[in-house]
Amino acid sequence: GLKLTPSPVAQLATSHGIPVHTPTSLKPPETQQIFTSHGADVAVVAAYGLLLPHAILNAPRYGCLNIHPSDLPRWRGAAPLQRTLMAGDSHTASCIIRLEEGLDTGPIYNRIAYAIPPGTDVGTLHDTLATLGARQMLDVLSRLDSIIPQAQSHDGVTYAEKIQKEERALDWSCPAEILRHKVLGLSPSPAATI
């Protein structure tokens, strides 16, 4: 219905009397002050899509942790799931990282490797890694004092650029395997086009 609807997390928080803030930007000082005033030990981010300002990154004692669905440093950026499948990668990982000012460059608290079953589309991969990542984050949070995060390698860095509209078109001069990877990487959404 094209109406803004609170997420399940926001609905649950509201039902328990927990204030929910939905700022359109984390850059204004007032918004940063609200965030800092919570005195959180840690913040958790998933699929946020924007870089966090310095003041937000450093407000919680343990910083801001992110669930990232790729085998970092491979596929840092906006579309790691799509790029993984479009490249024909046979494996990936779910990584819990501490966010830094760089794009998905932070140290890794935990990595769980995942072999991608043949024929997996991006919708299925998303759902699988979301469930895996949520459990993984709970485990990391329960052991945060005892985990020493490991710096990411500087080798093998690739960027998962946002999917552009023109990339969705299938080029029938490409080999069938390339087309198959593209279809799986864009299915069910935003979908490959003819």
Side-chain angles (χ1 to χ4, degrees), residues 1-72 75-82 84 92-112 114 122-152 160 162-163 188-190:
L2 299 177
K3 294 180 185 175
L4 286 177
T5 306
S7 71
V9 172
Q11 292 174 28
L12 181 65
T14 301
S15 73
H16 285 84
I18 300 170
V20 176
H21 302 279
T22 55
T24 55
S25 170
L26 294 174
K27 291 181 181 178
E30 320 73 69
T31 301
Q32 294 176 7
Q33 179 54 42
I34 291 170
F35 183 84
T36 303
S37 71
H38 294 301
D41 288 327
V42 66
V44 174
V45 178
Y48 183 61
L50 298 173
L51 293 175
L52 299 180
H54 180 79
I56 299 292
L57 289 171
N58 295 311
R61 180 165 57 122
Y62 291 102
C64 300
L65 303 186
N66 180 46
I67 304 169
H68 187 82
S70 81
D71 196 6
L72 290 169
W75 301 126
R76 293 175 178 170
L81 296 171
Q82 292 88 347
T84 294
T92 189
S94 177
C95 292
I96 305 299
I97 65 172
R98 181 174 176 152
L99 292 174
E100 297 179 335
E101 292 187 42
L103 182 61
D104 300 326
T105 58
I108 299 173
Y109 280 82
N110 187 272
R111 169 189 277 119
I112 297 176
Y114 180 74
V122 76
T124 302
L125 186 60
H126 170 275
D127 293 352
T128 300
L129 292 182
T131 300
L132 177 65
R135 290 184 186 132
Q136 182 183 15
M137 180 61 81
L138 290 174
D139 176 61
V140 167
L141 290 172
S142 72
R143 301 180 301 115
L144 205 49
D145 279 324
S146 63
I147 301 174
I148 298 171
Q150 302 300 309
Q152 289 186 41
K162 183 178 177 181
I163 303 296
S189 178

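Here the structure is a predicted model, which is why all the values come from computation and not from measurement.
Between P53 and the options I56, L51, L57, a side-chain contact (heavy atoms from CB on, under 4.5 Å) holds for only I56.
Residues T84 and Y114 fail the side-chain proximity criterion, which asks for heavy atoms closer than 4.5 Å. Using a 4.5 Å heavy-atom cutoff, the side chains of I67 and I96 are in contact. No side-chain heavy atom of W75 sits less than 4.5 Å from a side-chain heavy atom of P69.
In this structure, NE2 on H54 lies 10.0 Å from CD on Q32, to the nearest 0.5 angstrom. In this structure, OG1 on T22 lies 8.5 Å from CG on L4, to the nearest 0.5 angstrom. For the atom pair H68 NE2 and T92 OG1, the distance stands at 8.0 Å (nearest 0.5 Å). Here the straight-line distance linking atom SG of C64 with atom CG of N58 works out to 8.0 Å at 0.5 Å rounding. Between Y48 atom OH and L99 atom CG the span is 11.0 Å, to the nearest 0.5 Å. The CD1 atom of I112 sits 12.0 Å away from the CG atom of D71 when rounded to the nearest 0.5 Å.
Pairing each heavy atom of C95 with each of S70, the nearest pair is SG-O, 3.3 Å. Across every non-hydrogen atom of R98 and G63, the tightest pair is NH2-CA, 3.6 Å.
A donor-acceptor contact shorter than 3.5 Å links the side chain of S37 to the backbone of I34. A donor-acceptor pair is defined here as one N or O able to donate and one able to accept, closer than 3.5 Å; no such pair exists between the side chain of Q150 and the backbone of P107. The backbone N or O of Q11 sits nowhere less than 3.5 Å from a side-chain atom of T14 that would complete a donor-acceptor pair. In this structure a side-chain-to-backbone donor-acceptor pair under 3.5 Å is missing from N66 to I97.
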May I have the list of side-chain donor-acceptor pairs in residues 128-143 shorter than 3.5 Å, sequence neighbours left out?
from : atom 1 : to   : atom 2 : distance (Å)
T128 : OG1    : T124 : O      : 2.9
T131 : OG1    : D127 : O      : 3.1
Q136 : OE1    : S94  : OG     : 2.5
Q136 : NE2    : S94  : O      : 2.9
Q136 : NE2    : N110 : O      : 3.3
Q136 : NE2    : N110 : OD1    : 2.7
D139 : OD1    : R143 : NE     : 3.3
D139 : OD2    : R143 : NE     : 3.3
D139 : OD2    : R143 : NH2    : 3.0
S142 : OG     : D139 : O      : 2.7

> Given L144 and D41, is the side chain to side chain contact (heavy atoms under 4.5 Å, CB included) satisfied, shown in steps?
Replying inline: CA-CA 10 Å; L144 205 49; D41 288 327; over 6 Å; no

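Defined by atom type and a distance below 3.5 Å, a donor-acceptor pair is present between the side-chain atoms of Q152 and R76.
Shown here are the ring-ring contact (aromatic ring centres under 6.0 Å, His included) partners of H21, two or more places apart in sequence or in another chain: H38.
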